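On a predicted model such as this, the values are computed, not experimentally measured, just so you know. Lettering follows sequence order; numbering is per chain, from 1.
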Amino acid sequence: NAGVTQTPKFQVLKTGQSMTLQCAQDMNHEYMSWYRQDPGMGLRLIHYSVGAGITDQGEVPNGYNVSRSTTEDFPLRLLSAAPSQTSVYFCASSYSSTPQRGQFFGPGTRLTVL
Amino acid sequence: GDSVTQMEGPVTLSEEAFLTINCTYTATGYPSLFWYVQYPGEGLQLLLKATKADDKGSNKGFEATYRKETTSFHLEKGSVQVSDSAVYFCGLNAGNMLTFGGGTRLMVKP
């Protein structure tokens with residue numbers, strides 16, 4: 001199993017550009033989520049999905065879109081990048097939203113918006 | 001809404017010292033509580049968890065007890081090693097959302 005994979009590892013954007021952060025898992029997990037990690041603020045939930053075709057907003061959803069067309073993939077789209085979106089982004093997955101074994105995290109994508 | 005507060009770091013200790021990282025929470029209902037660890041350049045890994053009051057989670061010499069009366073879930077280890085240097089996140093799981101604290105960086109010196 002590859003676990004949770006994220007691409008790219010690093011990305012630099014200019015203000016106003018759009019891009020998609022990719023996330024995939026091969027563990028047949030129903031629950032997937034996106035977090036951003038900022039210094040001193042821990043991880044904050046952006047969006048999550050409890051299964052294919054179902055998504056919902058987390059704590060900080062503004063400026064981000066998600067879709068879940070398959071169980072394996074959960075891409076995060078930035079429609080018009082802003083410097084405030086400079087952060088490290090983590091994707092995570094688990095069998096359910098209350099997993100006994102915790103969530104599995106990807107290695108992260110470091111995004112800089114100039 | 002739900003929230004988690006943990007002590008700010010960095011925490012710097014010598015090898016074999018005793019570790020405590022404080023964590024308190026605010027939540028409605030009966031959340032599960034957990035600690036995750038993040039090693040440099042990596043994603044988070046579950047360290048331990050507890051699902052109900054008075055439960056003690058333990059792993060790799062770390063332990064934490066779910067204290068409902070004080071709404072706390074402090075992380076402890078009796079003798080830290082250099083390899084324990086990492087960032088530790090306390091959090092809670094209620095419904096479909098996980099809420100994390102701000103993280104505490106631990107540095108252990110030989």
Segment of Gln37(A) engaging chain B (4.5 angstrom heavy-atom cut-off):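 For Gln37(A), side-chain heavy atoms alone lie under 4.5 Å from chain B.
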Chain B contact via Leu45(A) - which portion, at a heavy-atom distance below 4.5 Å: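 When you check distances to chain B, only side chain atoms of Leu45(A) fall under 4.5 Å.
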Under 3.5 Å, is there a donor on one side chain and an acceptor on the other for Tyr35(A) and Tyr48(A)?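 Their side chains do not contain a donor-acceptor pair, so the 3.5 Å distance test is not met.
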With Lys56(B), which residues qualify under salt bridge (charged side-chain N to carboxylate O under 4.0 Å, His left out), at least two apart?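 Salt bridge (charged side-chain N to carboxylate O under 4.0 Å, His left out) list for Lys56(B), sorted by chain: Glu63(B).
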Would you please indicate yes or no on a ring centroid separation below 6.0 angstrom for Phe104(A) and His29(A)?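 For His29(A) and Phe104(A), the ring centres are under 6.0 Å apart.
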Output every pair passing salt bridge (Lys or Arg N to Asp or Glu O under 4.0 Å) with a member in residues 73-86 of chain B, not counting sequence neighbours, ordered by first then second residue.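 Salt bridge (Lys or Arg N to Asp or Glu O under 4.0 Å) check on residues 73-86 of chain B returns Lys77(B)-Asp84(B).
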Give me each pair satisfying salt bridge (Lys or Arg N to Asp or Glu O under 4.0 Å) with a member in residues 22-36 of chain A, each pair once, sequence neighbours excluded.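 The answer is Arg36(A)-Asp38(A).
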Gln6(B) portion near chain A, given a 4.5 angstrom heavy-atom threshold: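 When you check distances to chain A, no heavy atom of Gln6(B) falls under 4.5 Å.
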Taking side chain as everything from C-beta outward and backbone as N, CA, C, O, which of these in Phe34(B) sits under 4.5 Å from a heavy atom of chain A? Side chain, backbone, both or neither.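 No part of Phe34(B) comes within 4.5 Å of chain A.
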Heavy-atom side-chain contact between Leu46(B) and Phe105(A) under 4.5 Å: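 Of all side-chain heavy-atom pairs linking Phe105(A) with Leu46(B), none is under 4.5 Å.
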Close side-chain approach of Leu76(A) to Trp34(A), heavy-atom, < 4.5 Å: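 A side-chain contact exists here, since the closest heavy-atom pair is under 4.5 Å.
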What are the residues of residues 99-110 of chain B, in order of number, with any heavy atom under 4.5 angstrom from a heavy atom of chain A?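 Those residues of residues 99-110 of chain B which have a heavy atom under 4.5 Å from chain A are Phe100(B), Gly101(B), Gly102(B).
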Working note: Leu48(B) + Phe73(B), criterion side-chain contact (heavy atoms from CB on, under 4.5 Å); need CA distance, chi angles, decisive distance, verdict. CA-CA 11 Å; Leu48(B) 55 84; Phe73(B) 193 55; 3.7 Å; yes
